[in-house]
Amino acid sequence: MNILITMSNIGDKIASIKGQLPEQVRLVAVSKTKPIEDIQEAYDSGHRIFGENKALELRDKALVLPDNIHWHFIGHLQRNKVKFIAPFVKLIHAVDSLRLLKEIDKQAKANDRIISCLLQFHIASEEAKFGLNIAEASELLSSDEYKEMKNIKITGVMGMASNTFDTDLVRAEFKHLLNIFQSLRYKFFLDNIFYREISMGMSNDYQIAVQEGSTLVRIGSSIFGARNYKK
Ligand SMILES: *Cc1c(COP(=O)(O)O)cnc(C)c1O
């Protein structure tokens, strides 16, 4: 068989990445902007966890794809869009406010579900619009409103490193997220067996993220190829 054809196969790329991941690290195949056929191809190769970052795109894809897919929402989520994904989403990676968490709790309740969420932290040294710092997260987790929520479960943290070739900087940012994860566990989640996820690492930096303790890597372009946003 022609090696180039083999290497362009989505299933082979997933298998090759999974082959490099330690057992406790799960792969989220980031399929945003990619067509149904690509996701189906990955699914047919045995993969089940997919990540999307637009609520309506996720809803539309979920409608036509097998219902045993574990859909993760990985991007910034607007409160008025939570209702579109609440009936089925498995994990929301990027919760960055109490108001968003309240809306997720409300929509989860309306669907008689408990939705797992990660708190997103701003770890990159470059400017970023989204993400908490540890003081903000502590305030959220100490609030009465949070304690009253019955339909969400915080299962860990998420962050994105700087988009740079400086691997020392990227490593330091991932170490910072691991520190945040551990200090929140000590303060808020000591007897909580569900609090265990560190979502960090993308196509360009997942090897470093895994070395620094990632449990969920979110990989798109290394599986599905470069994205074309123009369409
Ligand atoms: C797009 C995206 C990814 C995947 O990025 P790649 O560089 O294509 O692997 C991971 N995480 C988030 C939050 C994203 O938006």
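In each ligand, atom 1 is the first atom listed, and ligand 1 is the first ligand listed. Note that the structure is a prediction, hence the values are computed from the model and not measured.
Protein heavy atom closest to atom 5 (O) of ligand 1, with residue, atom name and distance, is Met202 CE, 3.5 Å. Ranking the protein heavy atoms by distance from atom 2 (C) of ligand 1 puts Lys32 NZ, 2.5 Å first. For atom 13 (C) of ligand 1, the nearest non-hydrogen atom of the protein is Ile74 O, 3.4 Å. For atom 9 (O) of ligand 1, the nearest non-hydrogen atom of the protein is Ser203 OG, 2.5 Å.
Counting heavy atoms from C-beta outward, Trp71 and Ser31 have side chains that approach closer than 4.5 Å. In this structure, Ile219 and Val30 have side chains that are not in contact, with every pair of non-hydrogen atoms separated by 4.5 Å or more.
For the pair Asp205 (side chain) and Met202 (backbone), a donor-acceptor distance under 3.5 Å is present. Between the side chain of His76 and the backbone N or O of Gln78 there is no donor-acceptor pair closer than 3.5 Å.
Considering both main-chain and side-chain atoms, Gly75 never comes within under 3.5 Å of ligand 1 through any nitrogen or oxygen pair. Note: no N/O pair closer than 3.5 Å links Asn204 and ligand 1 by distance alone. The distance criterion of under 3.5 Å between nitrogen or oxygen atoms is met by Ser221 with respect to ligand 1.
Taking the six-membered ring where tryptophan is involved, the planes of Tyr195 and Phe181 are essentially parallel, since the angle between them stays under 30° and well short of 60°.
Below 4.0 Å from some heavy atom of Arg218 lie the following atoms of ligand 1, by number and element: 4 (C), 9 (O), 10 (C), 11 (N), 12 (C), 13 (C). Within the listing of ligand 1, atoms 4 (C), 6 (P), 8 (O), 9 (O) sit less than 4.0 angstrom from a heavy atom of Gly220. For ligand 1 and Ile219, the ligand atoms under 4.0 Å from any heavy atom of the residue are 9 (O).
Counting non-hydrogen atoms of neighbouring residues, nucleotides and ligands closer than 6.0 angstrom, the CG atom of Asn80 exceeds 12 such neighbours.
Figure legend: Lys34 and Phe224 shown without cation-pi pairing, the cationic atom not lying both under 6.0 angstrom from the six-membered ring centre and within 45 degrees of its axis.
In this structure, His93 falls outside the shell of residues with a heavy atom less than 4.0 angstrom from ligand 1.
Between Val157 and the choices Leu118, Ile198, Leu178, Leu132, the side-chain contact (heavy atoms from CB on, under 4.5 Å) rule is met once, by Ile198.
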